[in-house]
**Student:** 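To start, I am sharing the structure in question, which I have written as structure tokens.
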Amino acid sequence: MNAKVPMKQELSSLIEQSLAALISQGKLPEDASPKVMVEDSKDKAHGDYASNIAMVSTKLAKQKPRDWAQEIINNLPDSPILSKAEIAGPGFINFFVTEAASLSVINTIFEQGSKFGHNDSGKGQKVQVEYVSANPTGPLHVGHGRGAAVGDCISRLLLANGWDCTREFYYNDAGAQINNLALSVQARCKGLGPEDASWPENGYQGHYITELAESFMKGETVESADQSFTGTKDADDVDGIRHFAVAYLRREQDLDLKAFEVDFDVYFLESSLYEQGNVEEAVQTLIKNGFTYEDGGALWLKTTEFGDDKDRVMRKTDGGYTYFVPDVAYHLNKWKRGFGRVINEQGSDHHSTITRVRAGLQALKMDIPEGWPDYVLHQMVMVMKGGEEVKISKRAGSYVTLRDLIDQVGLDATRYFLAARAPSSQLTFDIDLALSQSNDNPVYYIQYAHARICSILRKLSSETLHWDLSNGLAKIDALVEEQEKSLANKLARFPEIVKAACTANAPHMIANYLHELAGDFHSYYNNHKTIVDDADLRDARITLTQAVRQVLVNGLDLLGISAPQEM
RNA sequence: GCGCCCGUAGCUCAACUGGAUAGAGCAUCGCCCUUCUAAGGCGAGGGUUACAGGUUCGAUUCCUGUCGGGCGUACCA
């Protein structure tokens, strides 16, 4: 058998050979090509793998499902991996594979090491992932944290699937919200507070605004990733305040992201689209293509021609563009940079932009595919503490910051909780659970499995024994326990999970898998001693556990979570 | 009103994109540390998958409707 070929693929191939034989026997139409699917069995009584092939092709064969399944089984070629195939239930074919076949994945894991689970299905293709993209108007909140975790993990998955992935953060550093920020800071510079009559309407009230104003009035210099600005100490200098505030909050967010260990390849400034004339260019194209009209002193885009329920204002009566116009220009820029695939990770509260941006891109008439770009929307995060929702933080005022969370429950736990749930589900982040009962925290459960495996080696050397990998691999068939086989089968699933999680943009699938794998390991660990007297069995078992360790490391790495040697 | 997302054990969430008896973790109740880390394991209880129809060999998954929750429905982003 070939250890490089995944088990399911091998079984699929056997089934296909059987179907081909049945076609030549005239029992199946020549042009029949039913989709062969092989799945893991949930129940050991159902073997290791199962296929529904007989049920989906029963009509083509004009036979009853169970009879037809028997025909397929009868025509399966002999294979060293297969010990038994039997019919079950309405017409499933259950496959029992040999111990040796299940254990062969261990070889593969040691050959591929940190690359085990990776594939090159995205090879030669450019993809861009945009995430977080918070306005520089305040510290990052929990929602941004979820976006950061999900977007970062999606990027890691794409890289593991061979894609040429660019991670990007889009800063809305122009527009009305930034003006509002500048005015809020200016008010603080002048010693005003929300209680004063001249406080700006909807002004930002967080404590950080006051800190910012103080820093500006002291003439401090702020340096962020790509800009530096010194406070002019002049409370009437709105432009100066604006620049200073943006630089200050960008630095603030950079620190938040650094604390969360989330990186970007490109920080894209909205203001650069104006400076380069890209916004004006896009607008002119839209006008030229006849998708705009003037009404009430504003310029409108006929988004209704692209599925929107009403047309949208592009240029306001005050001459400024609405937010989605630079967004269209930005996406045109992405397209021109050659990203055939773009994934925008954002909060579902911004989902209305999707229709507008796509409409704008279609109206440009540049042969951009209709469904481009892709979106992953995450639902809101509710933070609970003491059985009550937390809405306030000291620094930000009206929301819980990402930094609050990291400081309280740690980096790994924060990342795990924010990435371990399907983005489309609303998420409750229970600080008490993650904090006061940290030993019940699922991330520790996974990390503990890793630490336990490491401790086996420590124990081994303390007994002046050593682990012989090549002997372990050579004597791998000493592993005859049922749990050893199912553990190996679980390891063999990892590559397909990595692939599926990537195509579905669903990092939580990795988290779920790791939790299952850790559970299987803990159970095995409690039932079977690894360090036994028999050197062959001992080497084989350590080899198995080290393979588990490798997969845990690879999986945790996809989530950006550490794999501690001891806890 | 309209659009998008969601509704699964007391709580937080899974379910390999349509498969077999719907699974984990908390919480509750029993067991297991002279044995490689008990941050662990074993076992028990807990469900009409919101509700009603439909599609088919088969539905938590797809379609329709109802109810409930979140978000949006700006010349804010």
Side-chain angles (χ1 to χ4, degrees), chain A residues 37 39-43 45-46 50 52 55-56 58-59 64-65 88-92 94 133-135 137 172 175-178 180 202 270 296-300 308-310 312-324 327 347-355 377-380 382 384 417 420-430 433 437-442 444-445 447-449 451-460 462-463 493 496-497 500-501 503-504 506 508-509 511-513 515-516 518-519 521-527 529-532 541-542 545 566-567:
Chain A
M37 278 177 58
E39 300 176 308
D40 302 87
S41 306
K42 288 174 188 165
D43 189 336
H46 296 147
N52 60 358
M55 281 132 74
V56 297
T58 185
K59 279 183 181 168
K64 290 178 185 170
F92 287 101
N94 289 337
S133 294
N135 293 344
T137 53
N172 295 91
Q177 294 299 341
I178 298 299
N180 186 12
N202 298 320
E270 179 187 15
L299 183 68
W300 296 70
D308 205 352
D309 51 2
K310 59 190 267 195
R312 305 291 168 177
V313 169
M314 291 173 63
R315 190 171 55 221
K316 299 178 275 184
T317 48
D318 70 2
Y321 290 114
T322 54
Y323 66 92
F324 84 93
D327 229 17
S348 64
D349 54 336
H350 287 184
H351 79 259
S352 61
T353 66
I354 298 175
T355 314
L377 302 179
H378 64 257
Q379 296 289 314
M380 301 294 95
M382 183 174 67
M384 297 283 289
F417 276 108
R421 305 300 186 211
S424 59
S425 303
Q426 289 170 38
L427 173 64
T428 302
F429 198 117
D430 190 335
L433 194 79
Q437 303 181 315
S438 63
N439 48 342
D440 297 324
N441 196 322
Y444 292 140
Y445 184 80
Q447 291 180 319
Y448 181 46
R452 261 187 158 173
I453 295 170
C454 293
S455 83
I456 294 173
L457 286 188
R458 283 194 296 271
K459 177 70 177 178
L460 192 71
S462 79
E463 294 184 5
R493 287 196 62 188
E496 63 192 78
I497 295 286
T503 43
H508 71 283
M509 290 173 67
N512 290 333
Y513 170 81
H515 197 263
E516 282 176 26
F521 169 75
H522 284 308
S523 178
Y524 171 65
Y525 178 91
N526 274 275
N527 278 307
K529 209 156 156 47
T530 311
I531 301 177
V532 292
R541 284 190 171 166
I542 298 174
T545 60
E566 48 190 318
M567 299 180 71

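Numbers restart at 1 for each chain; the letters A, B, ... are given by sequence-line order, proteins then strands.
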**Student:** Considering only B/G25, B/G41, B/C36, which nucleotide approaches the side chain of A/Asn526 most closely?
**Tutor:**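 Nearest to the side-chain atoms of A/Asn526, counting from C-beta on, is B/G41.
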**Student:** According to the Watson-Crick and G-U wobble definitions, with both distances under 3.5 Å, which nucleotide is paired to B/C16?
**Tutor:**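 The base-pairing partner of B/C16, which may sit in any strand shown, does not exist here.
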**Student:** Between B/G25 atom C1' and A/His522 atom NE2, what is the distance in whole Å?
**Tutor:** 12 Å
**Student:** Looking at B/C36, B/A14, B/G19, which one has an atom nearest to any side-chain atom of A/Val56?
**Tutor:**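 When the side chain of A/Val56 is considered, B/G19 is the closest of B/C36, B/A14, B/G19.
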**Student:** Is a donor-acceptor pair below 3.5 Å formed from side chain A/Asn52 to base B/A20, judging by atom type as modelled?
**Tutor:**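 There is none.
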**Student:** Could you tell me which non-hydrogen atom of A/Arg452 sits nearest to which non-hydrogen atom of A/His522, and how far apart they are?
**Tutor:** NH1-ND1, 3.0 Å
**Student:** From C-beta outward on A/His508, which listed nucleotide comes closest to its side chain: B/C16, B/U35, B/A15?
**Tutor:** B/A15
**Student:** The criterion is side chain to side chain donor-acceptor pair (under 3.5 Å); which residues satisfy it with A/Glu516, sequence neighbours excluded?
**Tutor:** A/Lys490
**Student:** Would you mind telling me which of B/C36, B/G25, B/A20 lies closest to the side-chain atoms of A/Ala88?
**Tutor:**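 Per side-chain heavy atoms of A/Ala88, the pick is B/A20.
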**Student:** For A/Lys59, check salt bridge (Lys or Arg N to Asp or Glu O under 4.0 Å) against everything at least two apart and list the hits.
**Tutor:**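 Result, salt bridge (Lys or Arg N to Asp or Glu O under 4.0 Å) vs A/Lys59: none returned.
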**Student:** Just compare B/A20, B/U56, B/G19 and give me whichever is closest to any side-chain atom of A/Lys59.
**Tutor:** B/U56
**Student:** Whole Å only: how far is the CG atom of A/Asn527 from the P atom of B/C31?
**Tutor:** 20 Å
**Student:** Taking the six-membered ring for Trp, does A/His46 stack with B/A20 (centroid gap under 5.5 Å, planes within less than 30°)?
**Tutor:** yes
**Student:** With a 3.5 angstrom cut-off on both distances, give the Watson-Crick or G-U wobble partner of B/C42, or none if there isn't one.
**Tutor:**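 Matched B/C42 with B/G30 under the 3.5 Å cut-off.
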**Student:** At under 4.0 Å between heavy atoms, which parts of nucleotides 45-51 of chain B does protein reach? Answer with one letter per nucleotide, 5' to 3': B base, S sugar-phosphate only, - none.
**Tutor:** -------
**Student:** Partner lookup for B/C62, please. Criteria are Watson-Crick or G-U wobble with both distances under 3.5 angstrom; report none if nothing qualifies.
**Tutor:**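 Per the H-bond distance test, B/G54.
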**Student:** List for me each residue that meets ring-ring contact (aromatic ring centres under 6.0 Å, His included) alongside A/His508, sequence neighbours excluded, and say none if there are none.
**Tutor:**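 A/His508 satisfies ring-ring contact (aromatic ring centres under 6.0 Å, His included) with no residue once adjacent residues are dropped.
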**Student:** Does B/C2 pair with anything, Watson-Crick or G-U wobble, both distances under 3.5 Å, and if so, with which nucleotide?
**Tutor:** B/G72
**Student:** Nearest to the side chain of A/Tyr445, which nucleotide is it out of B/G41, B/G19, B/A15?
**Tutor:** B/G41
**Student:** A/Arg312: which residues meet the salt bridge (Lys or Arg N to Asp or Glu O under 4.0 Å) condition with it, sequence neighbours left out?
**Tutor:**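 A/Asp308, A/Asp309.
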**Student:** Using a cut-off of 4.0 Å between protein heavy atoms and nucleotide atoms, how would you tag nucleotides 67-77 of chain B 5' to 3' with B, S and -?
**Tutor:** --BSBSSSBBB
